[in-house]
Colleague: 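Let me give you the structure first, and then I'll get to my questions.
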Amino acid sequence: MAKIILTGDRPTGRLHLGHYVGSLRRRVELQESGEFDKIFIMIADAQALTDNADNPEKVRQNIIQVALDYLSAGIDPAKTNIFIQSMIPELTELTFYYMNLVTVQRLQRNPTVKQEIQLRGFSDDEDNNNKKGTPVGFFCYPISQASDITAFKATTVPVGEDQEPMLEQCREIVRKFNSTYGPTLVEPDILLPDNPACCRLPGTDGKAKMSKSLGNCIYLSDSAEEVWEKVRGMFTDPGHLQVSDPGKVEGNAVFTYLDAFCKPEHFEKFRSCFIGKKVSFTFDSLDEVKDQYRKGGLGDMMVKSFLNAILNDVMEPIRARRAELEKDIPAVYEILRKGTEAARAEAAQTLKEVRHAMRIDYFDDPVLMSGM
Ligand code: TRP
């Protein structure tokens with residue numbers, strides 16, 4: 001059986017280092033591994049609209065930003081098909097049929113949906129005089145996500161742990177469909193990050209996650225100046241006041257970032273990374289840095305300068321590619337158009353098979369049409 005990847009992101013903002021570490025970096029590796037027959041990356045604008053119905057302009061503007069982020073991070077349109085979800089009406093049609101295979105009660109038990117409803121304040125507590133209930137489209141997005149995956153007969157879905165309930169629900173839909181209408185759809189596997197701990201990047205304020213609304217993100221498109229500004233202001237150990245004080249590494253965002261980005265070669269490369277002063281960074285491994293920080297005698301500015309150098313080392317090639325791509329935006333839209341066309345052909349084929357299995361392909365059924 002062909003090995004097919006499908007994954008995607010909601011275009012509600014530019015992508016940040018959390019996305020890079022959590023998924024983008026991995027997608028480029030998967031793309032380069034040559035192990036997959038087809039790779040689809042979807043810009044999930046229809047899903048983004050399920051909780052942004054009042055602001056389609058935000059979604060519209062961010063499609064190109066996310067596409068630029070993908071391409072500058074190394075997604076290669078010759079190997080990976082990038083497409084826009086809402087431009088494939090077959091996905092919506094599939095969703096409508098799948099809706100009959102899922103109960104309201106089952107959706108209500110989906111832990112990610114539950115959590116997201118809470119997070120967005122879509123409480124349905126009517127006594128509370130709450131005018132902001134849960135949009136039906138939002139409630140049903142796990143079903144739409146099952147359509148995204150199955151339309152391309154994806155076998156592998158690389159996503160974070162928070163998407164596990166979506167994949168489980170997708171597999172249930174596949175099993176229900178196949179047992180009701182005959183074997184048609186492919187059950188996908190989730191592909192979780194290798195090392196989830198290092199793949200969950202906290203915000204620069206030390207809070208659990210980078211999130212646009214918290215203003216604690218470093219964006220892939222940030223300039224070197226913006227990166228230094230943000231790194232300089234990063235949360236460390238609030239008890240580490242003097243350079244000589246012992247410091248905590250655990251829960252210290254600067255060290256979490258170093259865990260995610262630092263490689264052995266960075267020590268040699270960034271001996272003299274300290275901004276503004278002639279001080280040399282004499283360590284040879286991250287463990288040595290951590291030991292010294294714990295003992296005391298290593299200042300935050302020193303560690304932040306080292307982190308800043310590393311981040312820019314990672315981000316500079318991405319920045320350079322973005323600058324190139326930004327010179328020709330029509331060419332980027334053309335990549336999306338071509339990718340969407342190719343993706344639509346795949347989805348249309350699956351839909352044909354689905355309609356046939358459900359025996360709702362009336363006009364293609366000569367026996368039915370003959371009136372016999
Ligand atoms: N829900 C995903 C997110 O918020 C985006 C997404 C939509 C997706 N459809 C998908 C991911 C299908 C994987 C497969 O990031």
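Everything numeric here is computed off the predicted structure, so don't read it as measured data. Read the numbers this way: they start at 1 and go in the same order the structure lists the ligands and their atoms.
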Colleague: Mind checking whether Gln163 contacts ligand 1 via backbone (N, CA, C, O), side chain (CB onward), both or neither, at a 4.0 Å heavy-atom cut-off?
Modeller: side chain
Colleague: Check this for me: Arg120, atom CZ, are more than 12 non-hydrogen atoms of other residues, nucleotides or ligands nearer than 6.0 Å?
Modeller: yes
Colleague: Looking at Lys290 and Asp259, does any basic side-chain N land under 4.0 Å from a carboxylate oxygen?
Modeller: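 Looking at Asp259 together with Lys290, the answer is yes, because their closest N to O distance falls below 4.0 Å.
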Colleague: Using a 4.0 Å heavy-atom cut-off, say whether Met42 meets ligand 1 through its side chain, its backbone, both or neither.
Modeller: side chain
Colleague: Show me which atoms of ligand 1 lie under 4.0 Å from any heavy atom of Val157.
Modeller: 13 (C), 14 (C)
Colleague: Got the closest protein heavy atom to atom 9 (N) of ligand 1, with its distance?
Modeller: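 Sorting protein heavy atoms by distance from atom 9 (N) of ligand 1 puts Asp148 OD2, 2.8 Å first.
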Colleague: To which protein heavy atom is atom 15 (O) of ligand 1 closest, and what is the distance rounded to 0.1 Å?
Modeller: Gly8 O, 3.8 Å
Colleague: Do the side chains of Arg175 and Glu168 get close enough for a salt bridge, i.e. N-O under 4.0 angstrom?
Modeller: yes
Colleague: Is there a donor-acceptor pair closer than 3.5 Å between any side-chain N or O of Arg271 and the backbone N or O of Phe283?
Modeller: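 Looks like yes, one N/O pair under 3.5 Å.
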Colleague: Could you check atom 14 (C) of ligand 1 against the protein and tell me its nearest heavy-atom contact, residue, atom and distance included?
Modeller: Leu6 CD2, 3.6 Å
Colleague: Which option wins on minimum heavy-atom distance to atom 10 (C) of ligand 1: Gln145, Glu116, Gln47?
Modeller: Gln145
Colleague: Could you tell me whether Glu226 and Lys230 make a salt bridge, using a distance below 4.0 angstrom between a side-chain N and a carboxylate O?
Modeller: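 No, this pair does not count.
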Colleague: What is the closest protein heavy atom to atom 4 (O) of ligand 1, and at what distance does it sit?
Modeller: Arg10 NE, 3.2 Å
Colleague: Would you call Lys263 and Asp313 a salt bridge, using N to O less than 4.0 angstrom?
Modeller: no
